[in-house]
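Report on the following structure.
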Amino acid sequence: MLSTAPRLAVISAGVMGAAVAKRLTSFGCTVYTNLEGRSEATRKRAQDAGMIELSVNELVLKSDWILSILPPRDALSFAEKIQEVAARSALPSPRTFVDCNAVRTNVGFVDASIIGWPPKDDYNPTFYAIPLKGECVGVGDASALKMSHAGISKGTAGLYTTMVLAAHASSPATADALMRELQISQPILLDRLVNDVPPMIPKAYRWIREMEEIADFVGGSEGDVYRGIAKVYERVEKSIAGDQEDIETLMNFVEKAKK
């Protein structure tokens, strides 16, 4: 039995990171984070989760585990920063860096991935880490699992978005006919569209880089499918910041499909 509760750092205090931290603090863990340059909303999430703010140097020194739960575009630079701090610090005990993204570092590296939504009530996402069970497992497999899962779950959301926007670009009547045909011939698929597209919209900016990583993971010309989906999410992001015409088209389609 441990004499003291584990001390962990969770970076960052986004929706997923803060929810994971809240679950950890509820079990008596001490959870640190770094909030430099973060918004008031993020600071509020961290406070509500019971996270303790420290500088990067301090959290490296004090944490037994460092969990990187970041948007893909920020993951590598953060890993390199932790590696730099650890290299110049006289650490009293080994630190373990848990990469829940798709990058690698040499700070007691654990390849991991999170599949699912942020913890809430009785629900918990699944953490996968090396070693996975089975033949020929190795470093990178947990990240490969996450990319394979996201390629299906987030890739299909991109496919739904692409075809709704394309149908509407032909004519609003085409989009209405598509919706009615899906109700008749593909009701389960339409239900997935209705459930998946609205929560995708505010996350599209995060999924651009993720689709590009999946494209590299798939490789070859087959990976171009995901480069195209990345462009779709880039279009959604621009619509949010711009005239919101595409957002209105998507949401109108979803609302009509619910009736």
Side-chain angles (χ1 to χ4, degrees), residues 2 4-86 89 91-93 95-103 105 107-129 142-143 146 150 154 199-210 237 240:
L2 293 174
T4 59
R7 300 170 303 171
L8 305 96
V10 174
I11 305 294
S12 66
V15 175
M16 176 65 81
V20 169
K22 187 171 185 177
R23 188 70 91 217
L24 291 169
T25 57
S26 73
F27 284 96
C29 297
T30 299
V31 181
Y32 305 118
T33 194
N34 179 261
L35 299 171
E36 183 179 351
R38 301 309 301 266
S39 67
E40 286 303 315
T42 301
R43 290 179 176 275
K44 179 68 163 54
R45 274 197 302 268
Q47 182 180 14
D48 291 344
M51 304 172 86
I52 300 170
E53 181 179 6
L54 294 177
S55 68
V56 173
N57 287 9
E58 288 177 309
L59 67 82
V60 170
L61 288 171
K62 291 187 176 183
S63 304
D64 302 309
W65 298 76
I66 301 173
L67 276 61
S68 174
I69 306 175
L70 285 163
R73 66 170 184 264
D74 300 325
L76 182 57
S77 61
F78 174 69
E80 290 172 341
K81 181 184 292 186
I82 294 298
Q83 187 174 21
E84 178 185 342
V85 172
S89 301
L91 298 177
S93 62
R95 266 56 181 164
T96 302
F97 186 94
V98 183
D99 169 36
C100 300
N101 311 288
V103 298
T105 183
V107 187
F109 169 70
V110 173
D111 177 36
S113 64
I114 306 172
I115 294 181
W117 302 104
K120 186 177 181 180
D121 300 326
D122 294 331
Y123 169 79
N124 291 302
T126 302
F127 279 70
Y128 289 90
S143 297
K146 181 175 179 63
K154 298 174 184 177
M200 169 277 297
I201 292 172
K203 300 173 185 175
Y205 77 98
R206 296 185 59 163
W207 291 3
I208 297 168
R209 179 57 183 151
E210 191 167 352
E237 180 190 24
I240 292 173

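Only a predicted model underlies this, so the values are computations on that prediction, with no experimental measurement involved.
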Quick one: does Tyr123's side chain have a donor or acceptor within less than 3.5 Å of a partner on Trp117's backbone? yes

Once you round to the nearest 0.5 Å, how far does OG1 of Thr126 lie from NZ of Lys146? 11.0 Å

Contact summary for Asn34 and Leu54, nearest pair of heavy atoms: ND2-O, 2.9 Å

When you measure from the side chain of Thr42 to the backbone of Ala13, do you find a donor-acceptor pair of N or O atoms at a distance under 3.5 Å? no

Hey, does Leu59 have a side-chain heavy atom less than 4.5 Å from the side chain of Ile11? yes

Verdict with reasoning, Ser26 to Arg23, per side-chain hydrogen bond (donor to acceptor under 3.5 Å, both in side chains): CA-CA 5 Å; Ser26 73; Arg23 188 70 91 217; 5.3 Å; no

How many angstroms lie between OG1 in Thr33 and CG in Leu67, if you round to the nearest 0.5 Å? 10.5 Å

Side chain Asp64, main chain Leu8, donor-acceptor under 3.5 Å: no

Do Cys100 and Phe127 have side chains that get closer than 4.5 Å, going by heavy atoms? yes

Could you tell me which non-hydrogen atom of Met51 sits nearest to which non-hydrogen atom of Tyr32, and how far apart they are? CE-O, 4.2 Å

Nearest heavy-atom pair of Ala21 and Val31: which atoms, and what distance? CB-CG1, 3.8 Å

CZ/Phe27: more than 12 non-hydrogen atoms of other groups inside 6.0 Å: no

Answer yes or no: does atom NZ of Lys81 have more than 12 heavy-atom neighbours from other residues, nucleotides or ligands under 6.0 Å? no

dist Arg45:CZ -> Arg38:CZ (nearest 0.5 Å) comes out at 7.0 Å

Can a side-chain donor-acceptor contact be found between Asp111 and Ser143 if the only test is distance below 3.5 angstrom? yes

Separation between CG of Asp99 and CG of Leu70, rounded to the nearest 0.5 Å: 9.0 Å

Separation of Leu24 CG from Lys22 NZ (nearest 0.5 Å): 13.0 Å

4.5 Å side-chain heavy-atom contact, Pro119 and Asn124: yes

Quick one: closest heavy-atom pair of Pro125 and Pro118, and the distance? CD-C, 4.4 Å

Where Phe97 and Ser68 come nearest, the two heavy atoms and their spacing: CZ-CB, 3.7 Å

With rounding to the nearest 0.5 Å, note down the distance linking CG in Leu35 to CD in Gln47. 10.5 Å

